[in-house]
Amino acid sequence: MKVLIEELHSRGHELTVIRSSDSWYIKPDSRHYESITVNTSAGFDEERFGSFVTTMIRMRREGASLWARLSLEYELMEQLYQIGKQSLRMMEDIFENAELMQSLCDAKYDLVLTDPALGGGVLLGHRLGLPLVLNVRWTIQGEGHYAIAPSPVSFVPVAGSELTDKMTFSQRVKNFLIYLFTCVQTWYITTPNYKPFVQRYFGKNLHYMELFQAADIWLMRNDFTFEFPRPTMPNIVYMSGFQCKPSKPLSKELEDFVQSSGEHGVIVMTLGTLVEKLPKDITEDIAAAFAQLPQKVIWRHKGQRPSTLGNNTLMLDWLPQNDLLGHPKTRVFVAHGGTNGIQEAIYHSVPLVGIPLILDQQDNLFRMKVRGVAKVLDIATVNKDNFLEAVKEVLYEPSYRERMRWLSNLQRDQPMKPLDRAMFWIEFVMRHKGAKHLRTESYKMSNIQYHSIDIVVLLIAIILLVSTLPLSAAGFMCRRVFCQSKVKKD
């Protein structure tokens with residue numbers, strides 16, 4: 001969101017950002033926007049999220065048994081339920097603050113820009129009666145396409161299934177069962193929170209997802225270099241790689257370290273800003289594996305310094321990820337599989353070694369694996385030997401880099417830069433006060449109407465009626481003739 005806000009500001013737009021008092025990333029002071037701080041918790045502070053990540057990693061490492069997997073899924077569902085509940089408490093505080101709501105109405109904003117992974121911005125946009133633009137990969141019910149576009153499970157893999165668009169019968173069964181499980185998740189996580197809230201503030205006859213589906217434009221943070229082919233809608237605008245940009249020169253100290261790698265090049269490792277460190281034993285194994293390589297390693301890590309760390313490895317609290325990925329000496333990117341990092345790796349043609357940890361990271365890296373640009377390891381089984389083997393494979397097998405160059409060429413070969421495309425559609429909504437002509441009304445239909453079940457039932461009834469009438473008439477005539485014949489004989 002920060003990228004979009006800064007670009008909008010550079011184009012002369014005035015922005016107001018609503019934040020909670022415990023907001024982790026969104027600072028109260030910025031030259032790019034005015035902020036309104038709501039004195040309440042949104043349930044997403046650094047300490048709570050860190051605890052959530054630690055719990056998820058621990059549970060994934062406890063074993064691959066069915067019970068361990070079910071426990072992990074239950075814990076994830078419980079955490080997401082609590083985050084959603086806390087988010088709606090914040091929205092209740094906003095809605096019940098008459099002075100704040102009046103000031104928001106009086107400001108006469110042009111639109112609301114929000115990420116629907118949490119629903120607060122969507123709810124506020126409808127409460128204020130403003131056009132709505134979504135910066136989306138996920139909604140409160142899962143992957144964004146499922147809320148707005150036809151998504152046949154016969155060839156559209158459900159997030160987390162680790163399937164492609166080419167499925168065997170058994171894989172289609174698996175995909176369908178996972179789809180049913182996501183419906184159960186929605187029933188458990190989302191509906192109990194959002195249904196009473198929306199009925200209270202928007203009316204009893206409105207389903208909460210209708211508010212999301214009524215958004216004017218969906219700025220989708222992926223495209224078909226990442227996504228498998230699937231149906232889409234005219235108000236979905238793909239902006240994969242919108243945050244990617246050419247690399248800038250490194251600091252002198254970092255450039256000297258990179259150049260010292262010689263012909264062997266550099267490996268970059270970071271688990272993103274949300275995950276600062278791994279369990280100690282894994283860190284020790286990874287450091288020991290790096291120490292056996294001739295490459296130099298730049299590793300973002302905030303935990304305890306591993307005792308096995310080699311002289312070829314530089315540990316930093318923070319690193320300029322985009323600038324390092326764009327450096328000609330970078331050979332491999334060891335990453336957790338966040339969308340931003342993957343798209344930057346594609347942009348700069350750097351193949352991946354993936355260690356997915358939480359949420360969508362496993363699914364993201366699977367998509368890279370089937371495209372031949374990533375080697376993926378399991379956090380539950382990663383050790384010094386298989387980590388070293390994976391890094392060597394990506395380093396020395398040319399197909400990884402060749403396939404990544406192909407993906408990069410696809411991503412870059414567009415008539416308009418993704419960020420410019422996003423800006424065009426945001427400003428389009430401002431100019432026209434919405435984009436209703438691109439928005440389907442199908443979301444207002446029941447499942448019976450949407451799948452034409454009522455029409456099928458009607459046609460079957462007509463066919464049965466038409467086919468049975470002649471038979472009934474023939475039977476009637478036969479009985480009548482028989483009766484008349486019997487009377488004459490008598």
Are K375 and E397 within salt-bridge range, i.e. N to O under 4.0 Å? no
Side chains of [X] and [Y], donor plus acceptor under 3.5 Å:
{"X": "Y238", "Y": "T232", "answer": "yes"}
{"X": "Q86", "Y": "Q82", "answer": "no"}
{"X": "R421", "Y": "Q414", "answer": "yes"}
{"X": "Q411", "Y": "T225", "answer": "no"}

Nearest heavy atoms of [X] and [Y], plus distance in Å:
{"X": "M269", "Y": "L319", "result": "O-CD2, 3.9 Å"}
{"X": "F226", "Y": "R137", "result": "CE2-NH2, 3.4 Å"}
{"X": "S151", "Y": "A149", "result": "OG-O, 3.0 Å"}
{"X": "L419", "Y": "E7", "result": "CD2-OE1, 3.8 Å"}

What is the distance from atom CD1 of I189 to atom OH of Y81, rounded to the nearest 0.5 Å? 10.5 Å
Side chain to side chain contact (heavy atoms under 4.5 Å, CB included) with R431: which residues, sequence neighbours excluded? F424, E427, F428
Would you check, one step at a time, whether the test ring pair (Phe, Tyr, Trp, His ring centres under 6.0 Å) holds for Y208 with F197? CA-CA 9 Å; Y208 61 87; F197 186 94; over 10 Å; no
Start with the C-alpha distance between M220 and E227, add both sets of side-chain angles, then the distance that settles side-chain contact (heavy atoms from CB on, under 4.5 Å), and finish with yes or no. CA-CA 11 Å; M220 198 70 72; E227 187 71 59; over 6 Å; no
Show the atom names and distances, to 0.1 Å, of all donor-acceptor pairs under 3.5 Å that link a side chain in residues 114-130 to residues at least two apart or in another chain.
unit_1, atom_1, unit_2, atom_2, d
D115, OD1, A117, N, 2.9
D115, OD2, R221, NH1, 3.2
H126, NE2, L211, O, 2.6
R127, NH1, Y201, O, 2.9

Under the criterion side-chain contact (heavy atoms from CB on, under 4.5 Å), I'd like the reasoning laid out for T139 against W218: C-alpha separation, chi angles, the key distance, then a yes or no. CA-CA 11 Å; T139 72; W218 295 58; 3.9 Å; yes
Which residue in the set T270, V350, V268, I267 passes side chain to side chain contact (heavy atoms under 4.5 Å, CB included) when paired with L324? V268
Check the angle between the aromatic planes of Y74 and Y188 and answer parallel, tilted or perpendicular using the 30° and 60° thresholds. tilted
